[in-house]
Structures are given as structure tokens and as C-alpha cells.
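This report refers to the structure that appears directly beneath it.
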Amino acid sequence: MPSALMQQLKETAEYIQAQYPHTPKTGIILGSGLGNFTSEINIEKEIPYTDLPHFPVSTVVGHSGKLILGELNGAKVVVMAGRFHFYEGYSPLQVSYPVRVMKMLGVETLLLSNAAGGVQAGFKVGDLMIIKDHISLFTINPLLGPNEEELGTRFPDMSEPYNKALIAKAREVGQRLGYNLKEGVYTGVTGPTFETHAEYRLIKAIGGDAVGMSTVQEVIVAIHAGMKVFAVSVITDLGIRDDDTSIITHEEVLAAAKDAEPKLTALFKEMVS
Ligand code: HPA
């Protein structure tokens, strides 16, 4: 007997495959304010999350909430336009559910983007940071609970969550396109509060270069499932800043992400080819 989770995953995947009988090898999960990326895709099928059996539904402003299937730079891709965040009240299982659906569809490589606050000296708003590693400050690991042996091992190794070959390729693409790509450690927090000054300093002290409210739980599940992962943060605000009277708003985060979108799009387009 398959577990309830495996049964649900199969039903979601079969629903998608009935409408889109192709195998996307690359999955893409887009962060806040980065939804226009999809205009680059030769869209073959769009499925609103609300139509997908067992799929959570996105609520936050700036997330359109649909699965896009099609071609990007000659490669079949499945793209989540809008993701599920822990701070919205979804369980880590729900946050990472789409990653497992992608796996069932045949995805081997997962590209993710997010908006993040910079804590590294020298980072500027609008910078793109290749994520080299992460620190999870989420209190709940998405793999807690019975292990789904069909999906992956009980104790996954996390020594290379972000694939080194894909990072090398991104460096090469960045150089060719004339981008000054930063690199660093992404620190995943639950949100929805932005951090206090003391928390931003703590994140820097423990080795974080940027901080954000997504990605880590999805990446853990992708690694569990044996996928290759590549992720980029758009630095949308500076946690550690000289001017400690300024505040951080969701609007400025979205605006900064939108400004950086063309660069991120060009980078991802090269990454899938
Ligand atoms: N902190 C946490 N999450 C974020 C930030 C931040 O400063 N900016 C964008 N997402």
C-alpha cells in the first residue's frame, strides 16, 4: 500500500501529465516580485494551483499562483509562478510539496530564486547572490516524520546542497553577461517579521551573507529526492546598514526584486540551456 503522501503526489502528477504529456527536466521556483520571468517562456500549458489536486494555494500579494509548463531556451521546464511560504501558515510538508511533484514529473535540476536581505559588507540592493550554502533557522525540518523511502533516504547528506558544477556554470554565465555576481550563504528564517538589528548582526556572525523567508525547506526536499539544485538571491534590502533610522518594507522588497528581474531572467535562461 502506498502511503497517503505518495498517493497524493501520484494524483497531482497524473493530473498534470494528463494535460502536459512531456518530461520537464528542469524545475524553476520563482521568488517574490519575480513573476514576470515567465514572459520569457514559450508557454505550452498553464495550470492554476487551485485546479491541482492536493496542491496548497498561494495567498500573498505578488504571487500569482500557477504552474507553467513550456519551453525556455529550447528546454522543457516546469515553473512555479508563486511559492508557498512557511509564514503563510503552510506546513513544511506543504511548502515543499511542489518540489516532490516536480520530481514525479521527471525534474532532475531545480533552479530557485528568492528575495533576501543582505548582511555581508559590500552587498548592494539589486545584487544577485549565488547561494553556495545555507543555514536553516527554520525550527521545522520538512523531512521530520516517517521517511518516505520511495522518495529518498532517512538521513540525507547535506555537504553539497547547491551543485558545484551549476555554480561554476553560473559564474561563467555571469562573467559573459558582464554581471558582478556575488556569492554567499543564505540563512533561512520563518518570517514574517523582518529581522531586528541584533538579529541581522547575529546572522552575519554565524556565517550568513543574506537572509530570507523561503528556499531552505524546498532545497532540503529536493536534495532528499536526489535533485541537483541551483539558487540565487536578489538582495532587496540591507539588514546591516549605516542608516539605522530607515525601515524595511515589503513594497521596497518587491520593487528591488522587479528591478533585478531582467538579470535574473537572463541568468536562468542560460542555466537551463
Ligand atoms: N529578511 C528576511 N527576509 C527577507 C528580507 C530580509 O531582510 N528581505 C527579503 N526577504
Side-chain angles (χ1 to χ4, degrees), residues 5-6 8-32 34-58 62-85 90 93-114 131 142 148 150-152 161-163 166 169-170 214-215 217-232 261 264-273:
L5 174 62
M6 288 311 297
Q8 289 186 347
L9 285 166
K10 280 183 184 133
E11 283 171 21
T12 313
E14 278 163 14
Y15 180 92
I16 297 164
Q17 280 160 335
Q19 300 188 47
Y20 189 73
H22 305 284
T23 303
K25 287 277 194 304
T26 305
I28 301 176
I29 301 181
L30 299 167
S32 309
L34 298 165
N36 274 344
F37 172 80
T38 54
S39 57
E40 289 295 318
I41 297 163
N42 175 20
I43 298 176
E44 293 164 339
K45 186 79 206 167
E46 276 188 357
I47 311 177
Y49 293 158
T50 44
D51 286 1
L52 288 171
H54 313 300
F55 229 63
V57 174
S58 183
H63 296 263
S64 48
K66 59 190 173 192
L67 203 65
I68 293 170
L69 299 124
E71 237 169 54
L72 178 66
N73 215 0
K76 295 274 187 221
V77 295
V78 49
V79 181
M80 278 186 82
R83 59 148 58 102
F84 305 107
H85 297 89
Y90 297 111
L93 202 70
Q94 289 177 306
V95 167
S96 56
Y97 187 84
V99 175
R100 289 179 161 156
V101 171
M102 287 182 176
K103 176 71 184 180
M104 307 282 281
L105 295 176
V107 167
E108 293 169 358
T109 302
L110 181 64
L111 311 182
L112 306 102
S113 68
N114 59 54
I131 301 181
E148 210 62 68
E150 220 181 305
L151 292 172
Y162 302 89
N163 184 269
L166 292 174
K169 181 170 175 179
S214 66
T215 305
Q217 292 174 324
E218 294 150 332
V219 169
I220 289 172
V221 164
I223 294 299
H224 179 245
M227 294 161 98
K228 285 188 214 149
V229 173
F230 173 77
V232 173
E261 193 164 45
L264 183 94
T265 301
L267 177 64
F268 271 20
K269 217 168 143 179
E270 292 298 314
M271 292 302 291
V272 300
S273 70

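Hydrogens, waters and symmetry mates are skipped; everything else that's a heavy atom, side chains included, is used.
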With a 4.5 Å limit on heavy-atom distance, are the side chains of V99 and M227 in contact?
yes
Quick one, I28 and V272 - any side-chain contact, counting heavy atoms below 4.5 Å?
yes
The test is side chain to side chain contact (heavy atoms under 4.5 Å, CB included); show your working for L151 and R100 and say whether it passes.
CA-CA 8 Å; L151 292 172; R100 289 179 161 156; 3.4 Å; yes
Quick one: does E14's side chain have a donor or acceptor within less than 3.5 Å of a partner on E11's backbone?
no
Starting at CG of L111, measure out to NZ of K228 and round the result to the nearest 0.5 Å.
11.0 Å
In Å and rounded to the nearest 0.5 Å, what is the CG to NZ distance from N163 to K169?
11.0 Å
Is there side-chain contact between T109 and K25, with heavy atoms separated by less than 4.5 Å?
no
Any idea which heavy atoms bring A231 and T215 closest together, and the distance?
CB-CG2, 4.5 Å
Looking only at heavy atoms, the pair that brings N114 and S214 closest together is CB-OG, 3.5 Å
Students often mix this up, so state it plainly: with edges at 30° and 60°, are the rings of F84 and F55 parallel, tilted or perpendicular?
perpendicular
Would you check if the side chain of Y49 reaches a backbone N or O of G82 as a donor-acceptor pair within less than 3.5 Å?
yes
Taking the side chain as everything from C-beta on, heavy atoms only, tell me whether L9 gets closer than 4.5 Å to E148.
no
Provide the closest heavy-atom pair for P53 versus T12 in the form atom of the first, atom of the second, distance.
O-OG1, 2.8 Å
For A170 and L267 the tightest heavy-atom approach is O-CD1, 4.1 Å
Is a donor on one side and an acceptor on the other found under 3.5 Å between the side chain of K103 and the backbone of A225?
yes
Measuring from L105:CG to Q17:CD, what's the distance to the nearest 0.5 Å?
5.5 Å
Interatomic spacing from OG1 in T26 to CZ in F268 - rounded to 0.5 Å:
11.0 Å
Side chain to side chain contact (heavy atoms under 4.5 Å, CB included) for L30 and T38? Distances and angles first, verdict last.
CA-CA 9 Å; L30 299 167; T38 54; 4.0 Å; yes
Looking at K45, E44, E46, which hits side chain to side chain donor-acceptor pair (under 3.5 Å) with Y20?
E44
Heavy atoms of V229 and P161 approach each other most closely as CB-O, 3.4 Å
Heavy atoms of other groups near K269 NZ, more than 12 under 6.0 Å
no
Check: Q19 and I47 side chains under 4.5 Å, non-hydrogen atoms:
yes
Calculate, to the nearest 0.5 Å, the distance between atoms CG and CD belonging to L110 and E218 respectively.
7.5 Å
Quick one: are L67 and D51 in side-chain contact, heavy atoms under 4.5 Å?
no
If you round to the nearest 0.5 Å, how far is CD of Q217 from CG of L93?
10.0 Å
Would you call L5 and Y97 a side-chain contact if the rule is heavy atoms closer than 4.5 Å?
yes
Between I29 and M102, is the side chain to side chain contact (heavy atoms under 4.5 Å, CB included) condition met? List the steps.
CA-CA 10 Å; I29 301 181; M102 287 182 176; 4.0 Å; yes
Side-chain heavy-atom pair I131, V219 within 4.5 angstrom cut-off:
no
Please check if atom CD in E150 has more than 12 non-hydrogen atoms from other residues, nucleotides or ligands closer than 6.0 Å.
no
Heavy-atom closest contact (S113 atom, R83 atom, distance):
O-NH1, 3.0 Å
